[in-house]
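Worksheet: the structure to be examined is printed underneath.
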There are 2 protein chains.
Amino acid sequence: MDPQTLARFEARARIMKALAHPTRLFLVDALSGGEKSVAELTRMVGADISTVSKHLALLRTVGLVRDRKRGTRVFYSLQAPCILNFFGCLENVLRTAAEEQLRLAVSTPLAHDTQNANGDATG
Amino acid sequence: MDPQTLARFEARARIMKALAHPTRLFLVDALSGGEKSVAELTRMVGADISTVSKHLALLRTVGLVRDRKRGTRVFYSLQAPCILNFFGCLENVLRTAAEEQLRLAVSTPLAHDTQNANGDATG
DNA sequence: TGGCAAATTGGGTAAGTTGCCAAGTATGCG
DNA sequence: CGCATACTTGGCAACTTACCCAATTTGCCA
C-alpha cells in the first residue's frame, strides 16, 4: 500500500471511527429528524452532558455534523445525510449474519444435546 | 436510550468498528474486484500475514466478508457489497470538510502572515 | 455586577485495539 | 512419513479511547 493510498484510507477510517460507537450512531440517527440541542440529545442518550458533548465534537471534527450556536445553546445537525443510507446496509449485514448463524446451528448440531433441545422436533 | 435501542446501536457499532481501520477499509476495497487469497491481500497491504489474517477474521466475524478454503489457501470475498456505496459518501464528507477548512482559512486569516501568503492578493 | 443555565475542556483511570513474533494447524506432495 | 506452504492463534508491549467528575467558558437577565 503506497503512502498516498494509505493516506486516503486513513482519512476514510477517521470518519468510520467517528461512527464506530453506539452513542454516536444514535446521535446521527437522532439528528436525522432535524437539528437538536446538546441538552436535548443528552436527555435522549441518558449519559453525562460532557460525554455527549465530546461525542458531538468528534462527529463535528470529521465533518459529519455541524453546530450552530444560539444564545447559550448549541444546536447540532447532520452535515452528511448520506450516512443515513448506510444504516439500511448495516441492518442488511446484521440480518444476513443472523441467518447465517441460524443455518450453521441447524446444519451442524452439537454432538450432545441433540435430543430435543431445539424444541422443534415435532414440527 | 432504552436497552433494546442500545442493543441495536451496539450491533451496528460492531460493524462500523470492523470498518474503522485503514487496512480493513483497504481490504474491503480490494475485495470489491472479486475474491482474493490471504497471501495476495497480504502482498497488497504490505504487513505481516498474521496481521492481515486477523483483520480478515474480524471482517468475517461481523459478516462483512466470507471465506472459502481451497487446498491450503483461503479466499475471501465480499459478503455485503452494499458497503461499497458508502465509500462515495465518505469521499463526499472529506471533500466537504476540506472545502469548509478552506473557507475558514480564507475568511479568518491569521493576524500575522497576511501579506501575500495566499498568493491571490492580486486577484 | 452577580448569578444561573448550557456547553466545553481537562484529568485520571479503566478498558480496548494493533502489530509483530512465535507457535500451532491444515493441506498437498514426493 | 517428512517437509513445505498457507493460514490462524496466542501473547505481549505500545498506544488509543471512554467515562465520570471537576473546573472553566459563554450568554442571558434581573
Side-chain angles (χ1 to χ4, degrees), chain A residues 1 3 5-7 9-28 30-31 35-62 64-77 104 108, chain B residues 1 3 6-7 9-28 30-31 35-62 64-77 108:
Chain A
M1 194 155 35
T5 305
L6 178 62
F9 282 95
E10 277 174 346
R12 290 180 181 180
R14 237 169 283 132
I15 301 174
M16 299 304 289
K17 277 186 189 177
L19 288 169
H21 191 285
T23 299
R24 293 196 292 269
L25 281 177
F26 179 86
L27 288 170
V28 167
L31 291 177
E35 68 173 16
K36 291 186 172 47
S37 71
V38 179
E40 201 169 351
L41 292 165
T42 297
R43 251 175 277 122
M44 296 173 77
V45 169
D48 194 278
I49 189 174
S50 72
T51 299
V52 175
S53 176
K54 279 179 183 171
H55 281 311
L56 288 166
L58 180 52
L59 288 172
R60 188 190 48 207
T61 298
V62 302
L64 286 170
V65 305
R66 133 188 56 190
D67 67 335
R68 184 173 72 93
K69 297 180 211 312
R70 237 190 112 162
T72 74
R73 282 185 292 177
V74 179
F75 291 89
Y76 280 86
S77 59
L104 286 174
T108 58
Chain B
M1 196 156 33
L6 178 62
F9 282 95
E10 277 175 345
R12 289 180 181 180
R14 237 169 280 133
I15 301 174
M16 298 306 288
K17 277 187 189 178
L19 288 169
H21 191 283
T23 298
R24 293 196 292 268
L25 281 176
F26 178 86
L27 288 170
V28 167
L31 291 178
E35 67 173 18
K36 291 186 172 47
S37 72
V38 178
E40 203 170 348
L41 292 166
T42 297
R43 249 175 278 122
M44 295 172 78
V45 169
D48 194 279
I49 189 175
S50 72
T51 299
V52 175
S53 177
K54 279 180 183 173
H55 281 311
L56 288 166
L58 180 51
L59 288 172
R60 189 190 47 207
T61 298
V62 301
L64 286 168
V65 305
R66 131 187 61 189
D67 66 336
R68 182 173 72 93
K69 299 180 209 312
R70 237 190 111 160
T72 73
R73 282 186 291 178
V74 178
F75 291 89
Y76 280 85
S77 59
T108 57

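We name chains A, B, ... by the order of the sequence lines, and we start the count at 1 in each one.
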Point to revise | Listed nucleotide nearest any side-chain atom of B:Arg73, set D:dC7, D:dG10, D:dC19 | key: D:dC7
Exercise for review: Please assess A:Met44 against A:Lys36 for the test side chain to side chain contact (heavy atoms under 4.5 Å, CB included), listing each intermediate value before the final yes or no.
Suggested key: CA-CA 11 Å; A:Met44 296 173 77; A:Lys36 291 186 172 47; 4.0 Å; yes
Exercise for review: Walk me through it: do B:Phe26 and B:His21 pass the test side chain to side chain contact (heavy atoms under 4.5 Å, CB included)?
Suggested key: CA-CA 9 Å; B:Phe26 178 86; B:His21 191 283; over 6 Å; no
Check your understanding: Which residue, B:Arg60 or A:His21, contacts DNA chain D at a nucleotide closer to its 5' end, judged by nearest heavy atom?
Key -> B:Arg60
Check your understanding: Between the side chain of B:Thr42 and the main-chain N/O of B:Val38, is any donor-acceptor distance below 3.5 Å?
Key -> yes
Check your understanding: Just how far is it from atom OG1 of A:Thr61 to atom NZ of A:Lys54, taken to the nearest 0.5 Å?
Key -> 12.5 Å
Review point. Once you round it to whole Å, what is the distance between C1' of D:dT5 and CZ of B:Phe75?
Key: 13 Å
Point to revise | Distance, rounded to the nearest Å, where A:Asp67 contributes CG and D:dT26 contributes C1' | key: 14 Å
Review point. Do A:Glu10 and A:Arg14 come within less than 4.5 Å of each other through their side chains, counting heavy atoms only?
Key: yes
Check your understanding: Touch check for A:Tyr76, heavy atoms < 4.0 angstrom, all strands: base, sugar-phosphate only, or nothing?
Key -> sugar-phosphate
Table of protein N/O atoms under 3.5 Å from nucleotides 28-30 of chain D N/O atoms:
none

Point to revise | Contact nearer the 5' end of DNA chain D, comparing B:Ser37 with B:Lys54 | key: B:Ser37
Review point. Can you check whether A:Met1's main-chain N or O pairs, donor with acceptor, with A:Thr5's side chain at less than 3.5 Å?
Key: no
Check your understanding: Under 3.5 Å, is there a donor-acceptor pair between the side chain of A:Arg68 and the main chain of A:Phe75?
Key -> no
Review point. Between which nucleotides of DNA chain C, 5' to 3', does chain A make heavy-atom contacts below 4.0 Å?
Key: C:dA6 to C:dG11
Check your understanding: Once you round it to whole Å, what is the distance between P of D:dA6 and CD of B:Glu40?
Key -> 12 Å
Exercise for review: Name the nucleic acid region contacted by B:Lys69, choosing base, sugar-phosphate or nothing; use a 4.0 angstrom heavy-atom cut-off, strictly under.
Suggested key: nothing
Exercise for review: Sort out for me which residue in A:Asp67, A:Ile15, A:Leu31, A:Val65 forms a side chain to side chain contact (heavy atoms under 4.5 Å, CB included) with A:Leu59.
Suggested key: A:Val65
Check your understanding: Between the side chain of A:Thr51 and the main-chain N/O of A:Ala47, is any donor-acceptor distance below 3.5 Å?
Key -> no
Review point. Between atom CG in A:Leu56 and atom C1' in D:dA18, what is the gap in whole Å?
Key: 15 Å
Point to revise | Selection: residues 45-53 of chain A, any non-hydrogen atom under 4.0 Å of DNA chain D | key: A:Asp48, A:Ser50, A:Thr51
Review point. For B:Lys17 and D:dT16, what is the distance between atoms NZ and P respectively, to the nearest whole Å?
Key: 17 Å
Point to revise | Expected output: side-chain A:Arg24 to main-chain A:Lys17 donor-acceptor under 3.5 Å | key: yes
Check your understanding: Please walk me through it: do A:Tyr76 and A:Arg66 pass side chain to side chain contact (heavy atoms under 4.5 Å, CB included)?
Key -> CA-CA 6 Å; A:Tyr76 280 86; A:Arg66 133 188 56 190; over 6 Å; no
